[in-house]
A.B. asks: 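Below: one structure in structure tokens.
One-based numbering along the sequence shown. Just so it is clear, the structure is predicted and the values come from calculations on it, not from any experiment.
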Amino acid sequence: MARFYDSMNDSDLSRVEGLLNSGGIEYSLRILGDGSELKEILVAEEDLVCAEWLLNSVVDSKK
């Protein structure tokens with residue numbers, strides 16, 4: 001698994017999870033630190049390019 005995204009809060013996490021789910025990309029979560037709300041999203045290395053494309057397409061559409 002490759003590191004993909006560190007969420008800032010639960011709404012940020014939900015937004016990125018929705019993007020990954022819509023693209024059919026499987027992922028896992030890891031909590032960063034003790035008692036932290038920060039969570040890291042991990043994706044398979046072979047899905048990393050597609051996951052980045054999905055995230056960037058949403059960012060680009062808001063410009």
A.B. asks: Could you tell me which non-hydrogen atom of M1 sits nearest to which non-hydrogen atom of A44, and how far apart they are?
C.D. replies: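 Heavy atoms only, the tightest pair is SD-N, 3.8 Å.
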A.B. asks: Considering all heavy atoms of both residues, which atom of A51 and which atom of L20 are nearest to each other, and what is their separation?
C.D. replies: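 Minimum heavy-atom separation between A51 and L20: CB-CD2, 3.7 Å.
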A.B. asks: Ignoring hydrogens, what is the shortest heavy-atom contact between N9 and S11? Give both atom names and the distance.
C.D. replies: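 Heavy-atom minimum between the residues: OD1-OG, 2.9 Å.
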A.B. asks: Rounded to the nearest 0.5 Å, what's the gap from OH on Y5 to CZ on R15? Could you check?
C.D. replies: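 Atom-to-atom, Y5:OH and R15:CZ are 4.5 Å apart.
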A.B. asks: Do W53 and L19 belong together in a cluster built from hydrophobic side chains that touch within less than 4.5 Å?
C.D. replies: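 The answer is yes; both residues are in one hydrophobic cluster.
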A.B. asks: Knowing that exactly one of D12, D6, D10 qualifies, which makes a salt bridge (charged side-chain N to carboxylate O under 4.0 Å, His left out) with K39?
C.D. replies: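 Going through D12, D6, D10 one by one, the salt bridge (charged side-chain N to carboxylate O under 4.0 Å, His left out) with K39 is satisfied by D10 alone.
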A.B. asks: Taking all heavy atoms of S7 and all of L38, pick out the closest pair and write down the distance.
C.D. replies: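 Smallest interatomic distance, heavy atoms only, reads O-CD2, 2.9 Å.
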A.B. asks: Residues two or more places apart in sequence or in another chain: which of them pass side-chain hydrogen bond (donor to acceptor under 3.5 Å, both in side chains) with Y27?
C.D. replies: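 E17.
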A.B. asks: Do L42 and L29 have side-chain heavy atoms sitting under 4.5 Å apart?
C.D. replies: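 Of all side-chain heavy-atom pairs linking L29 with L42, none is under 4.5 Å.
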A.B. asks: How far apart are the C-alpha atoms of F4 and D47, what are their side-chain angles, what is the distance that settles it, and do they pass the side chain to side chain contact (heavy atoms under 4.5 Å, CB included) test?
C.D. replies: CA-CA 10 Å; F4 172 63; D47 292 333; over 6 Å; no
A.B. asks: Are more than 12 heavy atoms, taken from residues, nucleotides or ligands other than E26, located less than 6.0 Å from that residue's CD atom?
C.D. replies: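 Atom CD in E26 is not packed in, count stays at 12 or less.
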A.B. asks: Who pairs with E40 by salt bridge (charged side-chain N to carboxylate O under 4.0 Å, His left out), at least two apart in sequence or on another chain?
C.D. replies: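 In terms of salt bridge (charged side-chain N to carboxylate O under 4.0 Å, His left out), with neighbours along the sequence ignored, E40 is linked to R3, R30.
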